[in-house]
Protein chains: 2
Amino acid sequence: MLKQPILTAPHNCAECPIRHQAVCARCEPDELDALEEIKYYRSFEAGQTVVWSGDQMDFVGSVVSGIASLTQTMEDGRTQMVGLLLPSDFVGRPGRNGAAYDVVATTNLVMCCFRKKPFEQIMLETPHIAQRLLEMTLDELDAAREWMLVLGRKTAREKIASLLSIIARRDATLKPNDNPGTTVFDLPLTREAMADYLGLTLETVSRQMSALKRDGVIQLEGKRHVTVPDLIRLLEEAGDDTDGGVMA
Amino acid sequence: MLKQPILTAPHNCAECPIRHQAVCARCEPDELDALEEIKYYRSFEAGQTVVWSGDQMDFVGSVVSGIASLTQTMEDGRTQMVGLLLPSDFVGRPGRNGAAYDVVATTNLVMCCFRKKPFEQIMLETPHIAQRLLEMTLDELDAAREWMLVLGRKTAREKIASLLSIIARRDATLKPNDNPGTTVFDLPLTREAMADYLGLTLETVSRQMSALKRDGVIQLEGKRHVTVPDLIRLLEEAGDDTDGGVMA
DNA sequence: GGCCAACCTTGACCCAGATCAAGCGCGAAC
DNA sequence: GTTCGCGCTTGATCTGGGTCAAGGTTGGCC
């Protein structure tokens with residue numbers, strides 16, 4: 001199972017609408033005040049680039065709403081999405097200069113940012129923030145490595161099922177689950193973005209989505225609205241061991 | 001270019017033969033003494049498993065000599081190597097329970113370990129250790145994501161060239177470089193292990209190695225001893241932008 | 001020295017997924 | 001309402017790398 005960071009009961013970062021789980025989860029009120037000082041919001045339109053690979057990145061922060069993706073590109077234009085940032089996910093590299101990959105707004109996007117320099121200072125003075133970020137980063141590393149298995153060894157159908165599983169899981173943690181087993185969500189990605197994440201072409205994504213629909217693993221209303229009648233079935237299609245899914 | 005953690009001028013962890021760059025890089029003598037208390041060595045034979053995925057991992061540590069690999073396996077036996085640990089690389093998940101993947105000794109292996117519980121305690125009292133580990137983990141995350149591009153979008157030939165580039169680079173940092181441009185090293189991996197790392201079959205690895213040899217990109221003496229007459233050429237074959245390699 | 005077992009190479013064939021190409025559906029602009 | 005364009009689907013064909021199979025090489029062990 002993909003070990004996406006799961007939302008723990010989070011602490012609101014003062015009045016911030018998004019819970020900075022990484023940063024604020026264990027902060028005292030005065031620490032939150034310090035963070036409040038260096039906090040600001042940024043909005044992006046779908047398709048806009050937040051930072052280019054290699055550019056200086058003068059902030060760290062969290063996604064408030066919308067979706068951002070981390071993308072790597074080769075000179076000849078081949079691209080691979082290396083991370084998907086959903087609301088509450090953390091972006092940034094405290095202690096590191098420059099972005100390692102493009103950060104792109106996949107949908108309209110609002111981010112809550114902290115200026116990097118003073119944030120690093122606060123981190124020095126507030127050890128548990130570094131601790132929390134370390135835990136978060138280890139989780140991201142796990143997720144990235146799990147995704148390496150998807151990219152390196154899974155078939156196209158398994159790749160699609162894996163992606164749908166992740167989105168279903170992340171979505172389920174945000175919404176009250178009315179009907180356990182069944183999951184309904186809107187795909188926040190175009191077929192092309194899915195292809196970029198899965199190391200496939202958009203045609204293959206489209207074909208496999210049709211196949212999963214034909215075989216009753218998913219239902220589609222329009223192109224984006226997905227119903228998963230049986231999550232276990234979807235996980236089996238993803239080739240993951242099923243226990244993991246049940247446990248998580 | 002793959003952003004493998006580069007060895008910075010490291011601080012020896014007391015008499016430890018290996019430089020724990022992650023842990024000890026900025027430690028004061030008394031901090032090193034505390035680490036010394038909870039330090040021990042472990043040896044493994046090639047092929048032995050250090051920890052199984054999911055098992056409790058009661059230590060963190062560094063590779064002293066030999067190579068360990070992080071491996072994920074599906075029920076049907078498909079495996080994907082998700083990390084390669086060379087001497088001085090750090091293993092472990094402070095603040096996290098259980099291993100997320102198998103850790104396997106690819107060659108004979110010596111590790112220098114710290115007991116996890118007391119290590120975490122030291123980390124709480126020594127903020128710069130957490131900071132340093134965070135930086136390290138961010139670098140590993142970068143490397144993992146760079147590898148996702150390799151797995152998702154590169155051809156077999158580019159994959160092989162990418163792997164050889166990494167090993168050449170890591171090796172160059174350990175050995176005095178007599179002849180810049182030319183690099184010589186012993187492949188520490190079997191064809192099968194290379195295949196597991198690259199998401200290929202061992203036959204394809206073998207064919208592409210032969211092809212690179214035929215085309216003069218590499219020379220082979222025996223199966224393992226590799227000479228790279230022109231590193232830039234190899235980097236081009238890897239499909240990386242060449243500047244990165246030169247800059248690094 | 002001779003045998004055996006890993007490890008590796010090479011060939012022949014096949015298939016999953018890429019590529020090329022045509023057309024559909026639907027919302028936005030006029 | 002018509003047109004345009006984007007996102008998506010589907011079909012036909014091609015091909016890189018997988019699969020299956022047959023040796024070759026090398027080094028350890030008796």
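Everything quoted here is computed from the prediction, not taken from an experiment. Naming: A, B, ... by sequence-line order, numbering from 1 per chain.
- Under the side chain to side chain contact (heavy atoms under 4.5 Å, CB included) criterion, Gln56(A) pairs with Asn97(A), not counting sequence neighbours.
- Along DNA chain D, read 5' to 3', the first and last nucleotides having any atom under 4.0 Å from a heavy atom of chain A are dC8(D) to dA12(D).
- Residues that satisfy the side-chain hydrogen bond (donor to acceptor under 3.5 Å, both in side chains) test with Thr204(B), not counting sequence neighbours, are Thr201(B).
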Distance-only criterion, 3.5 Å: show the donor-acceptor pairs between side-chain atoms of residues 221-229 of chain B and protein atoms not counting sequence neighbours.
residue: Arg224(B); atom: NH1; partner: Leu187(B); partner atom: O; Å: 3.2
residue: His225(B); atom: ND1; partner: Asp186(B); partner atom: OD1; Å: 2.8

Review item, side-chain donor-acceptor pairs of residues 149-159 of chain A, under 3.5 Å, at least two apart:
residue: Arg153(A); atom: NE; partner: Thr79(B); partner atom: O; Å: 2.7
residue: Arg153(A); atom: NH1; partner: Leu200(B); partner atom: O; Å: 3.1
residue: Arg153(A); atom: NH2; partner: Ala195(B); partner atom: O; Å: 3.0
residue: Arg153(A); atom: NH2; partner: Asp196(B); partner atom: OD1; Å: 3.4
residue: Arg153(A); atom: NH2; partner: Leu200(B); partner atom: O; Å: 3.0
residue: Lys154(A); atom: NZ; partner: Ser162(A); partner atom: OG; Å: 3.1
residue: Lys154(A); atom: NZ; partner: Ala238(A); partner atom: O; Å: 2.7
residue: Lys154(A); atom: NZ; partner: Asp240(A); partner atom: OD1; Å: 3.1
residue: Thr155(A); atom: OG1; partner: Glu158(A); partner atom: N; Å: 3.3
residue: Thr155(A); atom: OG1; partner: Glu158(A); partner atom: OE1; Å: 3.4
residue: Arg157(A); atom: NH1; partner: Glu237(A); partner atom: OE1; Å: 2.8
residue: Arg157(A); atom: NH1; partner: Glu237(A); partner atom: OE2; Å: 3.0
residue: Arg157(A); atom: NH2; partner: Asp215(A); partner atom: OD2; Å: 2.2
residue: Glu158(A); atom: OE1; partner: Thr155(A); partner atom: N; Å: 2.9
residue: Glu158(A); atom: OE1; partner: Arg78(B); partner atom: NH1; Å: 2.8
residue: Glu158(A); atom: OE1; partner: Arg78(B); partner atom: NH2; Å: 3.4
residue: Glu158(A); atom: OE2; partner: Arg78(B); partner atom: NH2; Å: 2.8
residue: Lys159(A); atom: NZ; partner: Leu198(A); partner atom: O; Å: 3.0

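- Cation-pi check for Arg170(B) over Phe185(B) is not met; the charged atom does not lie both under 6.0 angstrom from the ring centroid and within 45 degrees of its normal.
- If you check every strand for non-hydrogen atoms under 4.0 Å, Ser206(B) touches a base.
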(message) Does Leu85(A) form a side-chain contact (heavy atoms from CB on, under 4.5 Å) with Ile67(A)? I'd like the steps, not just the answer.
(response) CA-CA 6 Å; Leu85(A) 301 170; Ile67(A) 300 209; 6.0 Å; no
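- Applying the side chain to side chain contact (heavy atoms under 4.5 Å, CB included) test to Thr49(A) and every residue at least two apart in sequence or in another chain returns Trp52(A), Val104(A).
- Checking side-chain atoms of Arg93(B) against main-chain N and O of Gly98(B) turns up a donor-acceptor pair under 3.5 Å.
- Residues of residues 215-224 of chain A that place a heavy atom closer than 4.0 Å to DNA chain D, in numerical order, are Lys223(A), Arg224(A).
- Taken from CG in Leu189(B) to OG in Ser69(B), the straight-line distance is 8.0 Å, to the nearest 0.5 Å.
- Residue pairs that meet the salt bridge (charged side-chain N to carboxylate O under 4.0 Å, His left out) test with at least one member in residues 43-66 of chain A, sequence neighbours left out, do not exist here.
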(request) Give the B/S/- string for nucleotides 16-21 of chain C, one per nucleotide from 5' to 3', where a protein heavy atom under 4.0 Å of the base yields B, of only the sugar-phosphate yields S, and otherwise -. (result) -SSBB-
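- Taking the six-membered ring where tryptophan is involved, the planes of Tyr197(B) and Trp147(B) are essentially parallel, since the angle between them stays under 30° and well short of 60°.
- Remark: Thr137(A) engages Leu134(B), Thr137(B), Leu138(B), Leu141(B) in a side chain to side chain contact (heavy atoms under 4.5 Å, CB included) (not counting sequence neighbours).
- Between Tyr101(B) and Glu146(A), every side-chain heavy-atom pair lies at or beyond the 4.5 Å cut-off.
- Between the P atom of dT10(C) and the CG atom of Leu202(B) lies a distance of 13 Å, rounded to the nearest Å.
- Comparing the local axis fitted to the first five base pairs of the helix from dG1(C)-dC30(D) to dC30(C)-dG1(D) with the one fitted to its last five gives a bend of 30°, rounded to 10°.
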